[in-house]
Amino acid sequence: MATNRVYNFSAGPSMLPEWVLERASSEMLCYGSSGQSVMEMSHRSSAFEQIIGDCEASLRRALSIPEGYRVLFLQGGASSQFAMVPLNLLTRSGKADYVITGQWAKKAWQQGRVYGECRVVASSEDRTYSYIPQVDPAQLDPAADYLHICYNNTIYGTTFSPRTLPVSGSVPLVADMSSSILSEPVDISRFGLIYAGAQKNMGPAGLTVVIIREDLIGHAMEKTPIMFDYKTHAGAGSMYNTPPTYAIYICKLVLDWLQGPMGGLEQMAQRNREKAELLYDYLDQSRLFSPTVQGEDRSLMNVPFVTGDPALDAAFVKEAEQAGLVNLKGHRSVGGMRASIYNAMPIEGVKKLVAFMQAFESDHR
Ligand SMILES: *Cc1c(COP(=O)(O)O)cnc(C)c1O
């Protein structure tokens with residue numbers, strides 16, 4: 001890593017691969033033979049059409065997105081999807097089920113309720129969202145327009161897995177994957193719709209990716225704003241209006257990196273497991289730091305931990321920052337610390353963090 005750069009453990013926006021930043025930097029003034037920066041380029045130019053086409057093809061390859069799904073490049077963040085999903089999908093029975101595993105899931109539910117009958121079918125709020133609640137299939141409404149989950153809970157450090165994923169039968173499963181997309185392979189065919197803000201694992205803020213099964217497009221509520229109708233964007237190749245061109249270009253570079261030097265999604269997942277294991281193994285035997293999540297619900301991407309003493313937590317965060325390990329402060333609702341170790345966090349960064357924690361522990365015990 002460049003010597004003046006820090007290891008940034010922020011939950012988002014987060015680190016980007018240096019490979020990507022260097023590439024973007026070398027193409028900043030002149031992209032290919034275009035004589036201009038991607039930022040200055042018409043979104044209708046053939047050079048940009050190539051970029052967005054490559055980005056989609058590359059994402060399809062990385063995630064093995066099957067036929068019958070559309071990929072949309074939108075704006076408005078994952079938070080806009082909290083409204084866009086019900087506006088487009090909550091139109092047959094007007095009922096939907098939500099699993100509440102944290103603040104993002106709750107915000108999605110609160111927004112959904114504006115548009116229809118949105119039920120909470122399971123929640124882990126009773127223990128500060130420190131686990132993934134069991135979803136009893138008998139509790140699910142077979143007539144619901146969708147079942148909504150937040151796949152990886154960025155604030156609390158819990159994640160669904162193929163094993164704990166609710167089985168929703170013919171009810172489309174909708175997942176907020178903002179903080180886990182591209183961290184490991186997922187079976188897209190289990191989902192009706194997946195959405196993700198790009199700023200955790202895919203690129204810079206400003207781009208939101210939606211992967212949607214084709215049959216779910218075209219049923220929006222009557223007064224849905226044109227910009228909030230999936231059909232608008234699906235029908236225009238995400239070019240109904242100006243898409244976030246530069247963010248799409250960086251996303252394409254991130255995918256080039258993932259499938260080039262990183263060796264693909266399977267390899268990426270292996271590295272992510274190694275990184276998370278380093279940190280959890282240390283936390284599990286530490287006598288100063290405790291992880292806030294136990295067992296199989298542990299996220300590979302966001303790892304919260306506490307000392308139990310807020311003053312000591314604050315001292316840790318401050319000293320870590322001085323050592324070039326930044327943004328380790330936990331979310332206020334959990335307290336303590338949180339290390340977000342997305343795809344672009346090198347294993348060296350996690351090793352450095354663990355070594356720093358060991359030294360801090362021997363100084364404060
Ligand atoms: C960051 C995050 C959001 C919010 O994303 P915006 O793009 O800022 O709207 C929503 N859900 C999850 C799981 C997140 O991690």
Side-chain angles (χ1 to χ4, degrees), residues 8-16 72-87 98-112 118 123-125 128-133 146-161 164-166 173-184 186 191 193-211 227-228 233 238 243-244 246-248 250-251 254 272 276 293 297-304 327 329-334 338-345:
N8 178 8
F9 293 89
S10 168
S14 47
M15 287 183 88
L16 284 164
L72 309 177
F73 297 107
L74 308 179
Q75 304 195 46
S79 301
S80 291
Q81 294 308 310
F82 299 167
M84 209 160 162
V85 165
L87 279 167
Y98 280 73
V99 181
I100 309 295
T101 49
Q103 281 192 20
W104 295 119
K106 194 170 188 176
K107 283 184 171 155
W109 169 67
Q110 285 166 337
Q111 178 70 84
C118 291
S123 168
S124 51
E125 192 168 10
T128 327
Y129 303 117
S130 58
Y131 65 102
I132 295 290
Y146 58 87
L147 169 65
H148 182 281
I149 63 164
C150 181
Y151 197 91
N152 182 79
N153 297 282
T154 324
I155 296 174
Y156 305 92
T158 63
T159 186
F160 280 93
S161 68
T164 55
L165 202 59
L173 186 58
V174 173
D176 177 354
M177 283 200 193
S178 295
S179 52
S180 60
I181 194 163
L182 293 174
S183 64
E184 57 186 345
V186 282
F191 301 87
L193 189 156
I194 291 167
Y195 61 89
Q199 69 272 23
K200 277 86 187 228
N201 239 355
M202 310 185 88
L207 168 65
T208 309
V209 170
V210 171
I211 301 166
M227 275 294 288
F228 266 37
H233 301 285
S238 299
Y246 199 75
I248 290 167
I250 298 290
C251 180
V254 167
N272 285 333
V293 178
D297 297 338
R298 284 176 165 176
S299 168
L300 294 182
M301 297 281 100
N302 310 97
V303 183
N327 286 320
K329 193 174 183 326
H331 190 272
R332 62 191 177 281
S333 62
V334 180
R338 170 179 47 174
S340 294
I341 48 175
Y342 297 116
N343 285 358
M345 171 62 67

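Ligands are counted one by one from 1 in listed order, and the atoms in each one are counted from 1 as well.
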### Task
For residues A78 and G197, report the shortest heavy-atom separation together with the two atoms involved.
CB-N, 4.0 Å

### Task
Any atoms of ligand 1 less than 4.0 Å from a non-hydrogen atom of T154? List them with their elements.
12 (C), 13 (C), 14 (C), 15 (O)

### Task
Check each of N153, T158, N152 against S299 using the side chain to side chain donor-acceptor pair (under 3.5 Å) test, and report the only one that passes.
N152

### Task
Please work out whether the ring planes of Y156 and H331 are parallel, tilted or perpendicular, with thresholds of 30° and 60°.
tilted

### Message
Considering non-hydrogen atoms of the protein only, which is the closest contact for atom 11 (N) of ligand 1, and what is the distance?
### Response
D176 OD2, 2.6 Å

### Query
So which bit of C150 gets within less than 4.0 Å of ligand 1, heavy atoms only: side chain, backbone, both or neither?
side chain

### Message
What's the separation between atom NZ in K106 and atom OG1 in T101, rounded to the nearest 0.5 Å?
### Response
11.5 Å

#### Entry: Closest protein heavy atom to atom 14 (C) of ligand 1, given as residue, atom name and distance to 0.1 Å
K200 NZ, 2.9 Å

### Query
For Y195 and Y151, what are the C-alpha separation, side-chain angles and deciding distance, and is it a ring pair (Phe, Tyr, Trp, His ring centres under 6.0 Å)?
CA-CA 10 Å; Y195 61 89; Y151 197 91; over 10 Å; no

### Task
Would you mind reporting whether D176 and Q81 have side-chain heavy atoms less than 4.5 Å apart?
no

#### Entry: Identity and distance of the protein heavy atom lying nearest atom 8 (O) of ligand 1
Q199 NE2, 3.4 Å

### Summary
Counting from 1 in the order shown, the ligand 1 atoms closer than 4.0 Å to a non-hydrogen atom of G77 are 7 (O), 9 (O)

### Query
Would you say the side chains of N272 and Y342 form a donor-acceptor pair under 3.5 Å?
no

### Task
Using non-hydrogen atoms of the residue, decide whether G12 is closer than 4.0 angstrom to ligand 1.
no

### Query
Please state which protein non-hydrogen atom is closest to atom 5 (O) of ligand 1 and give its distance, to 0.1 Å?
A78 CB, 3.5 Å

## Note on the structure
Looking only at protein heavy atoms, what sits closest to atom 9 (O) of ligand 1 is S79 OG, 2.6 Å

